[in-house]
Structures are given as structure tokens and as C-alpha cells.
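Please read the structure below before turning to the comments.
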Amino acid sequence: MNAIHTLYAAYAARIDAVLAALEAEGHLPAGCPRGNVAVEPPRDPSHGDLATNAAMVLAKPAATNPRALAEMIVEKLAADPLVESAEIAGPGFINLKLTPANWLAELAAIAAMADGYGKSTMGQGRRVNVEYVSANPTGPMHMGHCRGAVVGDALASLLESAGHEVIREYYVNDAGSQVDTLARSVHLRYREALGEDIGEIPAGMYPGDYLKPIGATLAAELGGRFVGAPESEWLVDFRTRAVAGMMEQIRADLALLGIEHDVFSSEAELQAAGKPEEAEKWLRAHDLVYDGVLEQPKGKTLDDWEPVELPLFRSTKFGDDQDRPIKKSDGKWTYFGADLAYHMQKAETADELIDVWGADHAGTVKRIKAAVMALSEGQGTAIPFDVKLVQMVQLLRNGEPAKMSKRSGNFVTIADMVDEVGKDVVRFTMLARKPEAQMDFDFAKVVEASKDNPVFYVQYAHARIRSILRKGEAEGYVPSDAHLDLLTADDLALIKQAAQFPREVEAAAKAREPHRIAFYLYELAATFHAFWNLGNDDQAKRIIVAQAPELSAARLFLVTQIGQVIRNGLALLGVEAVEEL
RNA sequence: GCACCCGUAGCUCAGCAGGAUAGAGCAUCGGAUUCCUAAUCCGGGGGCCACAGGUUCGAAUCCUGUCGGGUGCACCA
């Protein structure tokens, strides 16, 4: 069924076949659902290589007790020559021990599939649109964007690896009032570039130095003719140019993190195309948008609050606290009003949508999910839509809140951060925690090259592998699978760990949790480091054993494949696998 | 006041769509280096999985409530 080889999937299928046989023989009731049957490696390796709860799950529908059922299953499984032993344990677990041949075959599979090891067809080519970053084009990328950027990017890679067709998308908010402010701020810098003393940047404008080059460019291209001109003459043009300039810078910042989007969608273009009107029309026709007045928010007093009639989306119908305006009192679209149309636009070219947002936007999840569900259901088929919230990162330096960068005005930029600690450290650290948990990012700790720092720990494992391969080559050894039968239990333990990779990728993709890959890599590295150190106590357990060229060639082959798996995992995270440390 | 996220070892965190005696790292204590990178490894101590109920063969995991921390709460994005 699966063109891609996975040992665990293969055994899950075998066990399922055994259950089907039992059903055919009448030991299990016909049509008994087997969805809860799990086939997994047990936590405790002494329990064997694989465990299944089949007997416990099916005992009740079979009207028998788990152990009796387990005995029937075990009898069939034990007949398989690739199964070394099958035993019943505890409340009715069935523990399988697999023969070494299974693991050696897996090792060969890694070698054969190389960069493809770990990929699967699980997604069946479904098109998933992952929207991430989408930072406002009013300033450079800063820390607030970083985690979402990295998580979104890794998630996209993960889904791709699991057989989805992924669209990496960035939504450019170039239509709100903040880009008008940007244009005015750039106008100031433009005048400054022409020699005017503009003094302090007024409050409410963007103060950062990063606008200076854009102002200078405009000064060079346009000359002085807009210096004293009324805003109506320059605002639109300045806005367009300023946004273009900022987006260029943002792309450069993203490139520093190894992030590249496929599609940049403009909110201004979306509005110009009349998409929000279309959505409003449909929603009104279905009584999901009405003109009404919001109540004053409770628990919070607003001095300038006054009742206004606005077109409201009935998000309360979907569990939201309040209905939400899609237009402002000036007649322009709210962010939400445009955003719901934007999601419908994305749905035109995708089977599934994922947004990666900062947790500060958590309050808007309900309304957008509600709107997308209402629209997509009403206009055809409901599109699966998931919003991943990424919690805030607190920047620290030796436990103290990190200082702000001068050049940006008021925040630590991604460029600063990558410059200081490097892309790999930033990415891995951001991915080594589940996204919904808050995180501290301490500049001092994160560059520490120690076990405390998982990036180096994993990269060190890879570097050691490359190192031994270089040494082997220098001494005339050639990695070879000719005598894999010489490998011992210690070697097999390492293969078993590596063999988990495909199912980890699938599980991580299914749960949409890239951090699992980071943790898996840490464990694989730990297993490898332990393996390596066996050679300190026992010469025969070294990778290159002087008196045993065939064993050495087999071990070199083995570690080559371990290196391959580490590389594949790091590639998913967008982290480089280094040759040496 | 309401919504969302979090609460697991002294600290930082895992816990794989409910499974077997709850796991890592740091810190701490004790070991390993004439030897392929010791940036590593091996071992010891350290837990009412915030609390209280519920669901079932079985709960850190699912449901309800409470407490504690974070975030966000009109036509800002």
C-alpha cells in the first residue's frame, strides 16, 4: 500500500492481517473496528522491538479476555520467520522481538533511499497552503516574528516531506492605515536625504533608521519636487515604493533564516479585485452579516467609546464573544473583513489552509475560523483550516532582558540575532520547544557549545560521523554492506533508533509539530554518542577495529546511514549538518 | 469580567491521538581520557504529573470545576 518502505508500517500491516484472519476464522466478530489497534515500539526496550495492544482493545468486542485472545494472535505471529519471539505481557500486551535481518534490511533501505529516507506519501499530494510570517511591511523583521517564521517554515517542510504539496505564503498588509504612516515616515526621510533637518521623528511615525535608505533612493529618483507638496500628490506613490522597499528588506531578513516563500499576496490587490465585497454580499445573503451596533466591552472602560452602526459578522453564532465588524466607520475594510476574503482566495488553490500566528492574535482565531467555515461550507465544500498559535519569546542575555538594538529604534532585529548567534542556533532553538509554550531565548546560553545546547549536541554527532569516515578513508577502509552479519547487538540498537525516523516524521506531520523532529534528533544523537563511547572501554566496539577490516567496513557503512538520518532530520528543520565542529 | 495557551524533578523542558515501574538536560554527588573529536560517555540521589471530581480494563494524557502564570479583548493589524 505504501511505496515508501517503513518497517513499522510493514508490521502494523502484518498484525492487521493476523486480525483479519482471526476474524475470518470466527474468533473475532465480523466488521470489528481495528482503528484503536496500535503497533509501536515499547518504551522499555527490554520488552522487545514492537508491542501491540490488539488483544486488549479487541477483547471486549470478541467477548473474551485479553490473554486468551493474545494467545491466538501470538500463535500466528510467531509463525513468521522474521519474528524472533512473540510474548504476552502485563495486562495483555503482545511484545515482538524481530530478527536482526529486519534491522539490517532497514539499514540497507536508508542507504538506498538516502535523502528520501523518512519521506512518505501520507499526504497523498493534498495541497496545503501554509501562511506564515506575514509581518507588516513597516519595519524590518524582529524577534516577534522569528519564532512563527521558523515554525511555519519547518512545518511546511515537514508536510512536504510527508507527501503534501505545500504553498508557502506571505500576506502583505499593504492596505491599512499603518502603511500610510509608513509613507509619511518615508517622506520625512526623503526630505532629510535632500538636506533638510527634520529633527526628532514625531510620535506616531516610524522612527527607525531603516527608512533612511528608502528615503535616499526616493530623493535620488524623484528630486525635490515633493518636498513641500501636499500629501495628496505623493502619498500613494510613496506608499507603494516604501512597501516595495520594506518587502525587499524583509525578504533579505527571511533569507538570513533560510526562509523563502512561494507566494506573496497583497491585501491592496485583494481589495482592488473586489474580493471582500464578494464575501460580504454572500454573507449578507445568508444573514451572517448585518448592520448593527456593538455593545461596550465589559470589564474595561473606554473613554472615547461611542456606539456606531457597522456591518457585523455573526461570529457569536460560532462561539465568539462578540459579533465582529468587517468594515470601519470610515467605510474601509477592517483587517478581519479583508482577511476572510483573503482566506477564500487561498482556498481557491489549496485543499487545506494553515495559518501560523503569534499568540497575541489568539483573540481573533474564532472569528476567522468561523468566517472561513461559513463561507467555504456555503460556497461548496468546507475547507480544513487550522490556526497554529506560536507563543511569545522573551529575549534574555545572561538572564536579564536583552537590550534593544539601536539601528531599529525599539526592537531586536532578526538580522542582529542571526548575526550574533547564527542561523542554525536560532532555528534549532526555536524548534526545540513546542510552539504553544512560552520560551526564553538567552543569547548567552544559546551559543554555549555544550550538551546544554541541543544544536551543538546533534551537530557534534554528525561531525563525529564525518570525522570517522574521513579517518576510515585515509586508512583505506571502504564502507560496505558486504558483512553486515558481523554487526552486534550494540550496532543493532543504533539502527533501531534510526529506524524510528520515518514514523517520527509521519507523526510530527500528522500532529503538525515540527519540534518532535528536534527531540528525535537529540535522542538519535545521544544514542550515537553512547555508541561511540563504547569504543573507549572496549577496542572491539570501536567503529574502526584494526584487526577486523570486514567488521570495520560494516560499521562504517552503519554510521554512514546514521549520518544520513541526522542530515535528513536537520534538513527538515532547516539546520545545516556540519562536517566538523 | 470574558476568551485562548500553559502548570510534570531545585531549574529548563519531553512524554509519541489513553497503555506496562513517569523521562531527558542543567544543577548536585561519584566515575571514564596512553584509545576513532571527553564539545562525549557511565552511575547515584531527586516526582501526591497544580488541586478536586468524572469517563474505563487502564488517565500526566480525555471531560467538568477550582487555583496559579502568560497573552489578548471596540471600526489596530
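We use all heavy atoms of the structure for the numbers below, so side chains are in, but hydrogens, waters and symmetry mates are not. In this text, all values refer to a predicted model and were calculated from it rather than measured experimentally. We name chains A, B, ... by the order of the sequence lines, and we start the count at 1 in each one.
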For A:Lys471 and A:Asn95, take the nucleotide of RNA chain B holding the closest heavy atom to each; which residue's nucleotide lies nearer the 5' end? A:Asn95
How close or far is atom C1' of B:C36 from atom CD1 of A:Ile562, stated in whole angstroms? 16 Å
Any salt bridge linking A:Glu475 with A:Lys471? Criterion: basic side-chain nitrogen under 4.0 Å from a carboxylate oxygen. yes
How is A:Thr334 classified with respect to the nucleic acid when contacts are heavy atoms under 4.0 Å: base, sugar-phosphate, or nothing? sugar-phosphate
Would one find a side-chain N or O of A:His515 under 4.0 angstrom from OP1 or OP2 of B:G15? yes
Indicate, with a heavy-atom threshold strictly under 4.0 Å, whether A:Asp339 touches base, sugar-phosphate, or nothing. nothing
On RNA chain B, check which nucleotide each of A:Ala437 and A:Glu579 is closest to and give me the residue with the more 5' one. A:Ala437
Could you say whether the aromatic ring of A:His361 and the base of B:G72 stack, counting only centre distances under 5.5 Å and plane angles under 30°? no
Indicate the ring-plane relationship of A:His142 and A:His145, choosing parallel, tilted or perpendicular according to the 30° and 60° boundaries. tilted
Is it the case that atom CD in A:Glu473 sees more than 12 heavy atoms from other parts of the structure closer than 6.0 Å? no
Using purine N1 to pyrimidine N3 plus N6-O4 or O6-N4 for Watson-Crick, or N1-O2 and O6-N3 for G-U wobble, each under 3.5 Å, what pairs with B:G25? B:C11
What is the distance, rounded to the nearest whole Å, between atom CZ of A:Arg503 and atom C1' of B:C16? 7 Å
Over 12 non-hydrogen atoms of neighbours within 6.0 angstrom of CD in A:Glu269: no
Atom CG of A:Asn536 and atom P of B:A39 are separated, to the nearest Å, by 12 Å
OP1 or OP2 of B:C41 versus the side-chain N and O atoms of A:Tyr457: is any pair under 4.0 Å? yes
When all nucleic acid strands are considered with a 4.0 Å heavy-atom cut-off, which category describes A:Gln394: base, sugar-phosphate, or nothing? nothing
P atoms of B:G45 and B:G7, separation to the nearest Å: 27 Å
Do the ring planes of A:Tyr342 and A:Tyr171 sit parallel (below 30°), tilted (30 to 60°) or perpendicular (above 60°)? parallel
Which residue is it: A:Lys388, A:Lys346, A:Lys369, A:Arg512? I am looking for the one with a salt bridge (Lys or Arg N to Asp or Glu O under 4.0 Å) to A:Asp355. A:Lys346
Write down the distance between CD (A:Glu523) and P (B:G15), rounded to a whole number of angstrom. 10 Å
Could you check how far CH2 of A:Trp333 sits from P of B:A77, rounded to whole Å? 14 Å
NA contact type, A:Phe93, heavy-atom cut-off 4.0 Å: base, sugar-phosphate, or nothing? base
Over all strands shown, is A:Ala463 touching base, sugar-phosphate only, or nothing at heavy-atom distances under 4.0 angstrom? base
Looking at every strand, decide which applies to A:Met392 at a 4.0 Å heavy-atom threshold: base, sugar-phosphate, or nothing. nothing
Pair partner, B:G47 [Watson-Crick or wobble, under 3.5 Å]: none
Per A:Tyr460 side chain, nearest of listed nucleotides B:G19, B:A17, B:A39: B:A39
Just checking A:Asp323: base, sugar-phosphate only, or nothing, at a heavy-atom cut-off of under 4.0 Å? nothing
Give A:Ala51 one of three labels, base, sugar-phosphate or nothing, depending on what nucleic acid heavy atoms sit under 4.0 Å from its own. base
How would you label the contact of A:Ala89 with the nucleic acid (heavy atoms, under 4.0 Å): base, sugar-phosphate, or nothing? base
Under 4.0 Å, heavy atoms only, any strand: does A:Thr364 hit a base, just the sugar-phosphate, or nothing? base
Counting only distance, no hydrogens or angles, is the base of B:A77 paired donor-acceptor with the side chain of A:Asp174 under 3.5 Å? no
According to the 5.5 Å centroid and 30° plane-angle thresholds, does A:Tyr522 stack upon the nucleobase of B:A24? no
Selection from B:U21, B:U40, B:C2 that lies nearest to any side-chain heavy atom of A:Asn533: B:U40
Partner lookup for B:A52, please. Criteria are Watson-Crick or G-U wobble with both distances under 3.5 angstrom; report none if nothing qualifies. B:U64
Below 4.0 Å: OP1/OP2 of B:G72 and any side-chain N or O of A:Trp357: no
Would you mind reading off the distance between A:Ile517 atom CD1 and B:G15 atom C1', rounded to a whole angstrom? 15 Å
Of all the nucleotides listed (B:A77, B:C36, B:C42), which has the minimum atom distance to the side chain of A:Gln178? B:A77
Re B:G19: Watson-Crick or G-U wobble partner, both distances kept under 3.5 Å, found to be B:C57
To the nearest Å, how far apart are A:Arg512 CZ and B:A17 C1'? 14 Å
Closer than 4.0 Å, any side-chain N/O of A:Arg464 to the OP1 or OP2 of B:U37? no
Taking atom P of B:A38 as reference, at what distance in whole Å does atom CG of A:Leu581 sit? 12 Å
At under 4.0 Å between heavy atoms, what does A:Gln391 touch on the DNA or RNA strands: base, sugar-phosphate, or nothing? sugar-phosphate
Mind checking whether A:His515 and A:Phe519 have parallel, tilted or perpendicular rings, split at 30° and 60°? perpendicular
Regarding A:Asp360, tell me which of base, sugar-phosphate or nothing describes its non-hydrogen contacts under 4.0 Å with the strands shown. sugar-phosphate
By the 4.0 Å heavy-atom rule, please label A:Lys434 as base, sugar-phosphate, or nothing. sugar-phosphate
Measuring from A:Met246:CE to A:Leu211:CG, what's the distance to the nearest 0.5 Å? 6.5 Å
